There are 2 protein chains.
Amino acid sequence: MVNRSISKQTLLRLPLYLNYIKQLGDNRPEHISATTIAEALRLNHVVVRKDLASVSSAGKPKIGYVTADLVKQLENFLGYNDVDDAIIVGAGKLGRALLAYNGFQACGMNIVAAFDIDETLYEEDYFGKRVLPMDKLMDLCERMKVRIGIIAVPAENAQAICNLLVESGILAIWNFAPVHLDVPDDILVHNENLAASLALLSKQLKEKRSAQ
Amino acid sequence: MVNRSISKQTLLRLPLYLNYIKQLGDNRPEHISATTIAEALRLNHVVVRKDLASVSSAGKPKIGYVTADLVKQLENFLGYNDVDDAIIVGAGKLGRALLAYNGFQACGMNIVAAFDIDETLYEEDYFGKRVLPMDKLMDLCERMKVRIGIIAVPAENAQAICNLLVESGILAIWNFAPVHLDVPDDILVHNENLAASLALLSKQLKEKRSAQ
DNA sequence: TAGATTGTTAATCGATTAACAATC
DNA sequence: TAGATTGTTAATCGATTAACAATC
């Protein structure tokens with residue numbers, strides 16, 4: 001079977017569909033159609049239909065998809081079923097919030113531990129997760145074959161930490177520091193700039209109001 | 001002057017350019033070209049040139065842009081210079097991390113306070129920021145004319161909180177709860193699903209490795 | 001059969017890339 | 001003048017939307 005490549009946009013929408021169905025809870029109908037989902041999420045119904053067709057071929061005219069099957073197919077496709085480990089570097093406020101956040105589990109992600117130079121953090125237990133000294137990072141990554149690293153350190157230190165992660169065998173980096181990271185070609189980086197995101201929302205609001 | 005509309009993608013890239021220049025610090029040259037920025041950020045130089053042209057018209061052939069001017073123009077354009085207030089609802093781990101995060105300031109965003117039903121949070125001081133009881137929300141929003149709300153409550157409560165925010169005069173919502181929010185047409189919503197973002201990175205990594 | 005829904009094929013739209021002219 | 005860089009115009013690419021055929 002040819003793995004017809006799925007667009008970035010589709011990949012970003014699929015979790016929305018899954019969330020929507022899951023959140024229906026006990027009201028979840030046995031069958032669900034692309035049209036229903038599209039109306040609920042205020043999306044174009046053709047977009048939703050195409051997106052669903054890329055993860056399932058079990059849609060039946062007039063009926064739609066078997067809800068339970070679609071959930072499984074979405075979860076499988078998105079990889080929510082096989083668990084993947086990740087570590088965090090930087091156990092400041094954000095790092096600790098991510099460490100303690102229990103929503104990752106539903107998406108098949110497991111945060112193994114956080115690392116920080118601040119010794120005062122090593123004692124505490126964050127919902128079963130620990131903050132470890134930096135010198136344990138490389139060994140733990142190799143031993144547990146951790147391939148995903150989360151950077152939650154100040155911008156000044158991000159590149160150095162990034163280098164350390166790459167040296168430790170990390171292949172994908174989720175970067176919360178507001179700097180561009182220089183990495184070898186084969187390393188995947190996703191940048192998350194929370195402050196810039198909020199500022200963008202503010203800008204869009206201002207623009208919208210002045211347009212009226 | 002006609003405000004030629006700027007694409008969503010450009011809006012997402014402009015902060016990268018600004019970050020890059022700022023992070024140069026004392027090494028910052030007097031002039032900077034689109035080509036330089038493009039190479040540093042591994043972007044196509046035509047993209048960068050077009051993006052910069054949308055915020056500045058002071059680029060000089062052979063020389064580039066006056067670095068200090070470009071920084072100002074980017075900051076002005078992105079609204080980092082005039083401060084905008086926002087409130088947070090939900091002072092769990094994530095809500096408190098955002099409340100205490102001091103990176104918003106650089107982007108012209110000021111978090112006024114967080115709100116929560118948990119009384120044990122009201123006493124503490126989070127770097128000068130307070131967690132307040134829910135019943136103070138509407139009054140504070142009206143009094144301070146706060147227009148931006150951040151939802152950091154569990155998914156089950158997000159829609160109710162969203163309704164309350166809209167009622168309180170909030171016009172833009174940054175939603176960290178993994179649910180679609182139903183809002184009136186004139187309310188701006190930006191969804192941030194951290195767990196789904198990390199899972200997507202994990203999926204992309206798996207795909208890349210199996211492709212090799 | 002009629003109608004709702006799927007899935008496909010073609011048309012449109014928008015963003016990126018390529019080619020080139022202008023200029024300091 | 002030559003070369004680096006800007007900025008513009010045209011070509012390409014990819015995603016969305018529209019139109020329609022297939023089917024339960």
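Quick caveat: nothing in here was measured; it's all calculated off a predicted structure. Just so it is clear: chains get the letters A, B, ... in the order the sequence lines come, proteins before strands, and each one is counted from 1.
- In this entry the distance linking NE2 of A/H31 with C1' of D/dC24 reads 11 Å, nearest Å.
- Figure legend: cation-pi geometry between A/K93 and B/F127, with NZ or CZ positioned under 6.0 Å from the six-membered ring centre and within 45° of its axis.
- Rounded to the nearest 0.5 angstrom, B/I21 CD1 and B/I37 CD1 are separated by 4.0 Å.
- Atoms CG (B/L12) and C1' (C/dG14) sit 15 Å apart, rounded to a whole Å.
- Of the nucleotides present, C/dA10 is the one that pairs with D/dT17 by Watson-Crick or G-U wobble criteria, both distances under 3.5 Å.
- Summarising the geometry, the separation between CD1 on A/I63 and C1' on C/dG7 is reported as 15 Å, rounded to the nearest angstrom.
- OP1 or OP2 of D/dG7 sits under 4.0 Å from a side-chain N or O of B/Y65.
- Near DNA chain D, defined here as any heavy-atom distance below 4.0 Å, the residues from residues 38-47 of chain A are A/N44, A/V46, A/V47, listed numerically.
- Taken to the nearest 0.5 Å, the OG atom of A/S197 stands 11.0 Å off from the CE atom of B/M109.
- Atom CD1 of A/I37 and atom P of C/dT5 are 12 Å apart (whole Å).
- C/dT16 atom C1' lies 16 Å from atom NZ of A/K8, rounded to whole Å.
- The separation between B/L70 atom CG and D/dG7 atom P is 11 Å, rounded to whole Å.
- Under the 6.0 Å distance and 45° angle rule, B/K129 does not count as a cation-pi partner of B/Y101.
- Distance from the side chain of B/K50 is smallest to D/dT9 among D/dT9, D/dA15, C/dT6.
- Distances from the side chain of A/T35 to the nucleotides D/dT17, D/dT5, C/dT5 place C/dT5 closest.
- Residue A/T10 is the one, among A/K62 and A/T10, whose nearest nucleotide of DNA chain D lies closer to the 5' end (criterion: closest heavy atom).
- Under a cutoff of 6.0 Å and an axis angle of 45°, B/K22 and B/Y17 do not form a cation-pi pair.
- Where B/R13 and A/T36 each meet DNA chain C at their nearest nucleotide, the meeting point lying more 5' is that of A/T36.
- Here NZ of A/K206 is found 10.5 Å from CG of A/L201. Values are rounded to the nearest 0.5 Å.
- Pairing of C/dA22, defined by two Watson-Crick or G-U wobble distances under 3.5 Å, is identified with D/dT5.
- Phosphate contact (OP1/OP2 of D/dT6, side-chain N/O of B/S56, threshold under 4.0 Å): absent.
- When the nearest nucleotides of DNA chain D are assigned to A/R49 and A/S7 by heavy-atom distance, the more 5′-ward of the two goes with A/S7.
- Across the protein-nucleic acid pair, A/L52 atom CG and D/dT16 atom P stand 14 Å apart, rounded to whole Å.
- Under the 3.5 Å distance criterion, with hydrogens and angles disregarded, a donor-acceptor pair is assigned to the side chains of A/N163 and A/Q159.
- At whole-Å resolution of the value, CD in B/Q9 and P in D/dA15 are 11 Å apart.
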